[in-house]
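The structure appears below as C-alpha cells.
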Amino acid sequence: MTTLIKNGTVVSATGRTEQEILIDGEHVVALLHPGSDLAGAAERGAEHVIDAAGKYVVPGGVDAHTHMELPFGGTNASDTFETGTRAAAWGGTTTIIDFAVQKYGENIQASLDEWHAKAAGECAIDYAFHQIIGGVDDNSLKAMDVLVDEGITSFKLFMAYPGVFYADDGQILKAMQKANDNGAMIMMHAENGIAIDVLAEQAVARGETDPVNHGYVRRKELEAEATFRAVQLAKVAGAPLYIVHLSASEALEAVANARNDGMNVFAETCPQYLYLNVEDHLNAPGFLGAGYVCSTPLRSKHEHHHADLWKGLRVNDLSVVATDHCPFCMKDQKELGKDDFRAIPNGIGGVEHRMDLIYQGVVAGELTLERWVELCSTTPARMFGLYGKKGVIQPGADADIVIYDPNVQTHISVDTHHMNMDYSAYEGVVVDGKVDTVLSRGKTLIADNAYHGTKGDGRYYKRGLSQYLM
Ligand code: URP
Ligand code: ZN
Ligand code: ZN
C-alpha cells in the first residue's frame, strides 16, 4: 500500500516545512516538494492520498511511561494492553514504553516474560519495555546485562514504597555502577519513602484518612531530597539518571543544577503535574480526591509548580512529557482506600490526552510547535533508543504519523474517552486542537472519528542504548 500525505505542514523537532510524505508499506520513503515532478508522480501512483490542508503532520507520539495492567495495592491497573494502547492511538500516541515489574524476591527474567505474555498480540500500537527492579541483588545486577542485550536498556528503581519496590542507597549505587558499565539508563522514582511512611502513619493515627492526606505526607521536600540524593549517587557511580514523574519545583531545581554542572541527568513530567492540583482535585469533595491520588503527588496551586514545570519544558530542564498512565476505576479500585488513603491505588490514567494537553503549551505561547513534537515524540524516542524508526518523519522511519487539526476542539470526558476508566481526571476540560488521523507503520488506525485498527497491530520493539549518552 502506498500513501501520500499532501498539503499539510510537516513539523519536526527542528522546524516546519510544507512537504508531501510518501509512504510505502510500513515506512516513509520520501519527503517531496509540493508541485515538483516527483510529487506529481507520487500522487498519480499512490493508492491512498490524504489531504492534510490546514493541519500539522507530526511524528507519532512516544509515551515513555505507562503501566498497563500494573498490579498495585491488591488490584490491577484497569487498562489492559488492548484497551490502553487503543486509547493511546486515539490520542496520537503510536508507541508506548511500559514497565515490566520485578517485585522484591521475584526473578527478573520471569517478570519480563510475564510482561511479554500480557502484551503479545494485544496491542494497537508498537510497544517496548523498561524493567522495574524491585530488589537489587547479585542476580538482578547480572540480569541487567542480559536485558540490555535483549533491548531492555533502562531500569526503574524506587526510593519510595518500602517493602514493595524500595531500594536503599547502597542498592541504588550498585545498580548505577552496573549502568555505568553496560550503558543502561537508570530511571528513578525519587521520593523519600521511609520518611513518607512515617508521616503517613502519623496522619492516620490522628484520624486524617482522606485522599488529600496522600498529598500532604508526600511532601515536596521529600521529592526534592530524594532527587538531590539520586543525582549525587549518579555522580559517584558515573551513571546517567532519568527522573520520572517530577512534580515539585524544588526537585526540578535539583535536576537543573545537575544539568548546569554538565551531568547526564534528565527528567520527565506528566500532564497531571501541569494541570491538576491539591486544592481543586486531590481535595475534591467526598471521596472524589481518590481519583487524583498518584505518586509523586499533585502539588499546591498556591505555589509555583505549574509555572516552573512549563518553564522547565521550555528551557529543557525537563526533557520529556510522558503520562505515567496508571488508571484505576473509582468503583472497587480507588474505593479500596475509603477509610485509609494509604490503601488507594496510586495512579492516574491519561495516555489518551498527552498530545492534546501539551499542545495547549503551544496555544498559550509556552512552547513552540517544534518543542511540542520534541517533548512528546522525538526526545523520548532518542532517550530510550528508538530514534530513527520512531520520533521522526524521514526516509526509512516507520510511518507513524499523526495529522493534527489545530482548528477543532477536543472535549475531554469519561463519556467520550477510550480508556478503561469510570472517571476522567480532566472531566469537562475543552482544549484547542484534535487528533485527526493516526497512521501506525503505514496503517490507518484513526480517521474520520473512528478506529480502524485491530488488536495485535502493535509490534514489540527491542531498544538500543539511549542516544543522549556518549
Ligand atoms: O502513582 C503512580 N505514579 N503510579 C504508578 C507507579 C509509579 O510509581 O510510577
Ligand atoms: Zn514511580
Ligand atoms: Zn509510573
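Values reported hereafter were calculated over all heavy atoms of this structure, with side chains retained and with hydrogens, waters and symmetry mates removed. Just follow the structure's listing: the first ligand is 1, and inside any ligand the first atom is 1.
Near D324, the atoms of ligand 1 lying under 4.0 angstrom from a non-hydrogen atom of the residue are 2 (C), 3 (N), 5 (C), 9 (O). Under a 4.0 Å criterion applied to the non-hydrogen atoms of C326, ligand 1 contributes the atoms 4 (N), 5 (C).
Counting protein heavy atoms only, atom 6 (C) of ligand 1 is closest to H67 NE2, 3.7 Å. Looking from atom 1 (O) of ligand 1 to the surrounding protein, the closest heavy atom is S295 N, 2.8 Å. Closest to atom 9 (O) of ligand 1, if we only count protein heavy atoms, is K156 NZ, 2.9 Å. In this structure, atom 8 (O) of ligand 1 lies nearest to the protein heavy atom H189 ND1, 3.0 Å. Among protein heavy atoms, atom 4 (N) of ligand 1 sits closest to N346 O, 3.0 Å.
Counting heavy atoms from C-beta outward, T75 and F328 have side chains that approach closer than 4.5 Å. The shortest side-chain heavy-atom distance between L309 and L318 falls under the 4.5 Å cut-off.
Side chain to side chain, T323 and D63 meet the donor-acceptor criterion of an N or O pair below 3.5 Å.
Under the 30°/60° scheme for interplanar angles, the aromatic rings of Y460 and Y127 are found to be tilted.
Cation-pi geometry between R299 and Y273 is not satisfied (NZ or CZ under 6.0 Å from the ring centre, within 45° of the ring normal). For the pair K334 and F287, the cation does not sit on the ring face, since its NZ or CZ is not both under 6.0 Å from the ring centre and inside 45° of the axis. For the pair K434 and Y404, the cation-pi criterion (under 6.0 Å, within 45° of the ring axis) is not fulfilled.
Using a 4.0 angstrom heavy-atom cutoff, F158 counts as in contact with ligand 1.
Looking only at protein N/O/S atoms, the ones less than 2.8 Å from the Zn ion (ligand 3) make 3 in total.
Residue D126 holds its CG atom at 11.5 Å from CD1 of I97, rounded to the nearest 0.5 Å.
When non-hydrogen atoms are compared, ligand 1 lies under 4.0 Å from the backbone of C294 as well as from its side chain.
Salt-bridge check for E374 with R371: passed, with a basic side-chain N closer than 4.0 Å to an acidic carboxylate O.
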I would like to know whether R229 and E225 meet salt bridge (charged side-chain N to carboxylate O under 4.0 Å, His left out); could you show each step before the answer? CA-CA 6 Å; R229 183 156 39 98; E225 182 276 329; 2.7 Å; yes

